*Asks:* 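Take this structure, written in structure tokens, and hold onto it; I'll ask about it next.
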Amino acid sequence: MSGINKDDIKTAQEKFGTLIENESARIDRMKASQEVTDFSNKEKIIVGILPGDGVGPILMKQALRVLNELVGEEINQGKIELRQIEGMTIENRVAKMESLPKDIIPEIKACDVLVKGPMVTPRAGDGLPNLVSANSLLRRELELFAAVRPIKIPDKNIDWTFFRENIEGEYIWGDKGIQVDEDLAVDFKVQTKQGSERIAKAAFDFARKNGKKNVTVVTKANIVKLVDGNFIKAVRKVGEEYPEIEIQERLVDAMCAKMLDPEFNKGMEVVVLPNLYGDIVTDVAAEHSGGLGSACSSNIGNKYALFEAIHGTAPYLMSHGRGDYANPCSLIRAIGQMLIHIGYADRNELLDRALEICTVTEKKLVVTTETKDASAAEFTDYLIETIRKIRS
């Protein structure tokens, strides 16, 4: 005889009730958290460095060389302090059985912004404990609600900025699903009015400040009617305060399939998405623009911000002795986005010009991850040499 017994149903109801109760405190924090860090008033800006796992430390070494080239004077004057944070390696997280070790949190929160290399998220079958994503926990702990990813494909006239909601959706309860019985498992998708409105406001503010005339909202609201429908409602409500900006809607599957179609993407400039769709769509867009190895992500909150590569730890390259040949551009671009955030946009403009020369127009060296081509260090030498030429 099949069927779920009453005790299993009751247990599932109790677990779900606890999850709902716990969300109340988070909603209260969102309502209260309105103060935004003003970097122009800070005598010293502390930049926390989280090298990550796998190729992370290799690429971070090169990214920090570029950072020192761009703001070396400010570092020497004490206006910017680089602070290495140990303890977030996969080895330490596994040893403590904590994805985000409690003793590391104060060190992280003592910084104003963070630059992070890729970190291992254990998966079933890889021989590691099934720890929750450290990336997700960092975003939640620091309330980094906006993942901002710029994507440019000049030959297709594409200049998009994606605003991915960074905390809610399928990710926030990713480890809190309910195994009702051996036949039925349930996971959840979470949306709050406050979470949706603040990511929408971030997207519209960016659009207005940068002269953009379009915000496109991407969901699967034809199927996920309540949560995705509410996300669209929140975007449209916020959009009422920005009458000069057009709002259009796209479905996530069509967005992935047709984003390069000129008719489909006509007018698209700023794109706002819930968490999971944003993760998928921005990776697809990054592949079209040159690959995950060259794209970066900014994770922005009211108080803190974190800047990172969007690629993984590259275990294949590491296991084949090719980690030194990984592409450093993603972390280097993340450094540039961090400089914009703390008030040094002019240095990022210089970096962008140099990267354009090194990766498009002149392209004396190429990084393919093959040992016959440039290593991360050799490419960074070329990039720094180009920065110096532009300056002189």
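Note that the coordinates shown come from a computational prediction; the quantities given were computed from them, not determined experimentally.
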*Asks:* Using only heavy-atom distances, determine whether the side chains of T282 and R149 contain a donor-acceptor pair under 3.5 Å.
*Replies:* yes

*Asks:* Tell me whether the count of non-hydrogen atoms from other residues, nucleotides or ligands lying under 6.0 Å of NZ in K212 goes above 12.
*Replies:* yes

*Asks:* Can you tell me if R353 has over 12 outside heavy atoms packed within less than 6.0 Å of its CZ?
*Replies:* no

*Asks:* Identify, with sequence neighbours excluded, every residue that meets side chain to side chain contact (heavy atoms under 4.5 Å, CB included) alongside N222.
*Replies:* K220, L251

*Asks:* Got a sec, which pairs hit ring-ring contact (aromatic ring centres under 6.0 Å, His included) with one end in residues 231-250, sequence neighbours left out?
*Replies:* F204-Y242

*Asks:* Restricting to ring-ring contact (aromatic ring centres under 6.0 Å, His included), what partner residues turn up for F206, sequence neighbours left out?
*Replies:* F163

*Asks:* How about T369 and R322: does a side-chain donor come under 3.5 Å of a side-chain acceptor?
*Replies:* yes

*Asks:* Applying the 4.5 Å side-chain criterion to the ILVMFWY set and letting contacts propagate, would L114 and M60 be lumped into a single cluster?
*Replies:* no

*Asks:* Supply the atom-to-atom distance W160 CH2 to T216 OG1, rounded to the nearest 0.5 angstrom.
*Replies:* 9.5 Å

*Asks:* Checking N299 against E308: is there a side-chain donor and acceptor pair closer than 3.5 Å?
*Replies:* yes

*Asks:* Are T368 and D373 linked by a side-chain donor-acceptor pair shorter than 3.5 Å?
*Replies:* yes

*Asks:* Treat each ILVMFWY residue as a node, draw an edge where side-chain heavy atoms are under 4.5 Å apart, and state whether L138 and I46 are in one component.
*Replies:* no

*Asks:* Do K237 and E197 come within less than 4.5 Å of each other through their side chains, counting heavy atoms only?
*Replies:* yes

*Asks:* State which residues pass side chain to side chain contact (heavy atoms under 4.5 Å, CB included) with F188; sequence neighbours excluded, sorted by chain then number.
*Replies:* F16, L19, W173, I178, V186

*Asks:* Quick check: are there more than 12 heavy atoms from other residues, nucleotides or ligands sitting under 6.0 Å from CD of E182?
*Replies:* no

*Asks:* Nearest 0.5 Å please: distance from the CD1 atom of I387 over to the OH atom of Y382.
*Replies:* 12.0 Å

*Asks:* Restricting to side chain to side chain contact (heavy atoms under 4.5 Å, CB included), what partner residues turn up for V360, sequence neighbours left out?
*Replies:* E356

*Asks:* Do you know which of K233, K189, Q191 makes side-chain hydrogen bond (donor to acceptor under 3.5 Å, both in side chains) with D228?
*Replies:* K189

*Asks:* Are more than 12 heavy atoms from other residues, nucleotides or ligands located less than 6.0 Å from atom CG of N210?
*Replies:* yes

*Asks:* Under the ring-ring contact (aromatic ring centres under 6.0 Å, His included) rule, what pairs show up with a residue in residues 36-80, not counting sequence neighbours?
*Replies:* F39-H341

*Asks:* Using the rule side chain to side chain contact (heavy atoms under 4.5 Å, CB included), only one of I75, I80, D112, I335 pairs with V47; which is it?
*Replies:* I80

*Asks:* So, taking the atom named CG in N214 and the one named CD1 in I245, what distance separates them when rounded to the nearest 0.5 Å?
*Replies:* 9.0 Å

